[in-house]
Amino acid sequence: MTTMTETSARFREFKMPDVGEGLTEAEILKWFVQPGDTVTDGQVVCEVETAKAAVELPIPFDGVVHELRFPEGTTVDVGQVIIAIDVAPGSGDAPAPAAAAPAQEPAAEPEAEAEPKGRTPVLVGYGVAESSTKRRPRKGAAAAPEAAAVAAAVQAELNGHGAPAAPTAAPAPAVPVQGGRPLAKPPVRKLAKDLGIDLATVVPTGKDGIITREDVHAAAAPAAPEAPAAVAPPVAPVPAVAEAPAVVSDSARETRIPVKGVRKAIAQAMVGSAFTAPHVTEFVTVDVTRTMKLVAELKEDKDMAGVRVNPLLIIAKALLVAIKRNPEVNAAWDEANQEIVQKHYVNLGIAAATPRGLIVPNIKDAHDKTLPQLAEALGELVATARDGRTSPAAMAGGTVTITNVGVFGVDTGTPILNPGESAILAVGAIKLQPWVHKGKVKPRQVTTLALSFDHRLVDGELGSKVLADVAAILEQPKRLITWA
């Protein structure tokens, strides 16, 4: 997808690119530049969060930032212009940003609303804002200057710029309006609609008389009763003129967090997986004392110097060997063509908890890696995930996944398949427990494994063989050599 457009020989626009595989939108997390800043080709101008990861976007040309089209926190469709660059600064006066310019009165205007000639980028999901290319018919010319100034203020606020000063010819009303509507951003209007609040009754506290989310919550908060009573009747929503101290207690009792970005993708993927693929989960408890001894020995091995050695490394290698012995488990279900797609490679996913939610990057062609190479790849994968820099490509194309719930002290679980994959192995906490060893009860290192698989692809026999092979290797790690 082309990510830049040329509006003239002087100004270029940079569009939100598709930074993943078929992504449709991304949220602007942070701008690293502001209007007037000089940028160079390849300089990172903003960080965006897609449904898969946080990604930094570089600008593909030199110049001076003319306009940022969206403020931080805005979700933008792929293909929408997010920044305009003056590539020939000093060649003349730059025009004012189109979104902030007041509309011009046409010579004649029909009663019906005109068809738009262009689209102004707005917050995704709330339609197109009124601009100089589309507006409602005006009742009189006397209202034109005030309406144009108010419209400019609203759009400027949406674009992240300071709004122009309000006209001084007439005092502003108690609740500023635009075309008969109170001033508020689209998300605030949606919030008011969800809470059943009439914006005309809300007292604005935002800049230039714009209603904020806090104003809506204040209007929705219940009023405190004047005196205690044995049975208090229901309290109606607080009108615009009511006091708002109840907001503090109301907001302290609950917090609402928008579902978007990685969290939204996780929710959609898990629901889709849980109700599409018939899950079966099997469990086995195994003595991993010898595996723990091997881990300790490998930490001292010079061939493993510089890489992190832990039980997960041996478990990952054990799963790869089990897949090699049972290759049918490494497959995918093609619903459209009603086919089973057998994979002759293993992209091993590792579920990682990050500040932005659970992600599952994968080690490409893990089946071809030696133990030191696998250890190095695991270390890089975990470090990148913790830093929040996992790329969408690193999370695409997985075939089988491991989720290590043992790090939280959990014995095991029933993991849900990563969409498009055939199996996922959950590893529980490794604990010292009494165990019958060579006919005697002894303290041994024990863990529980759980394997969930898609029953369309993997029947009970195949799933049991895979899980049994992993358990056998962890009990006798020398099988990594004899079975490899």
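Residue indices begin at 1 and follow the sequence shown.
Nearest heavy atom pair, residue Ile430 against residue Pro311, reads CD1-CB, 3.9 Å.
Applying the side chain to side chain donor-acceptor pair (under 3.5 Å) test between Thr448 and each of Asp411, Thr285, Thr412 identifies Thr285 as the sole match. Of the residues Arg12, Arg10, His66, the one that meets the side chain to side chain donor-acceptor pair (under 3.5 Å) test with Asp86 is Arg10.
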task: Apply the test salt bridge (Lys or Arg N to Asp or Glu O under 4.0 Å) to residues Lys293 and Glu297: give CA-CA distance (whole Å), side-chain angles for both, the deciding distance (0.1 Å), then the verdict.
output: CA-CA 6 Å; Lys293 290 181 179 178; Glu297 292 172 0; over 6 Å; no
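Side chains of Trp483 and Asp469 form a contact here, defined as non-hydrogen atoms less than 4.5 Å apart. In this structure the side chain of Lys478 never reaches within 4.5 angstrom of the side chain of Ile473, judged on heavy atoms. Looking at heavy atoms from C-beta onward, Glu13 lies out of side-chain contact with Glu67 at the 4.5 angstrom threshold. By the 4.5 Å heavy-atom criterion applied to side chains, Val427 and Thr403 are not counted as neighbours.
Looking only at distances, a side-chain donor or acceptor of Thr74 sits under 3.5 Å from a matching main-chain atom of Pro71. Remark: the backbone N or O of Glu335 is paired with a side-chain donor or acceptor of Gln338 at under 3.5 angstrom. Between the side chain of Asp37 and the backbone N or O of Gln34, at least one donor-acceptor pair lies under 3.5 Å. Checking side-chain atoms of Asn330 against main-chain N and O of Ile323 turns up no donor-acceptor pair under 3.5 Å. One N or O on the side chain of Glu72 and one on the backbone of Trp31 form a donor-acceptor pair closer than 3.5 Å. Glu421 places no side-chain N or O within 3.5 Å of a backbone atom of Asn418 that could act as its donor or acceptor partner. A donor-acceptor distance shorter than 3.5 angstrom exists from the side chain of Thr447 to the backbone of Gly428, with no hydrogens or angles considered. Between the side chain of Asp77 and the backbone N or O of Gln80, no donor-acceptor pair lies under 3.5 Å. In this structure, the side chain of Asn362 engages the main chain of Ala396 through a donor-acceptor pair within 3.5 Å. Between the side chain of Gln43 and the backbone N or O of Ile59 there is no donor-acceptor pair closer than 3.5 Å.
With ring centers used as reference points, His367 lies 6.0 Å or more from Tyr345.
With sequence neighbours excluded, no residue forms a salt bridge (charged side-chain N to carboxylate O under 4.0 Å, His left out) with Asp215.
Glu47 and Arg389 are joined by a salt bridge, as a carboxylate oxygen and a charged side-chain nitrogen come within less than 4.0 angstrom of each other.
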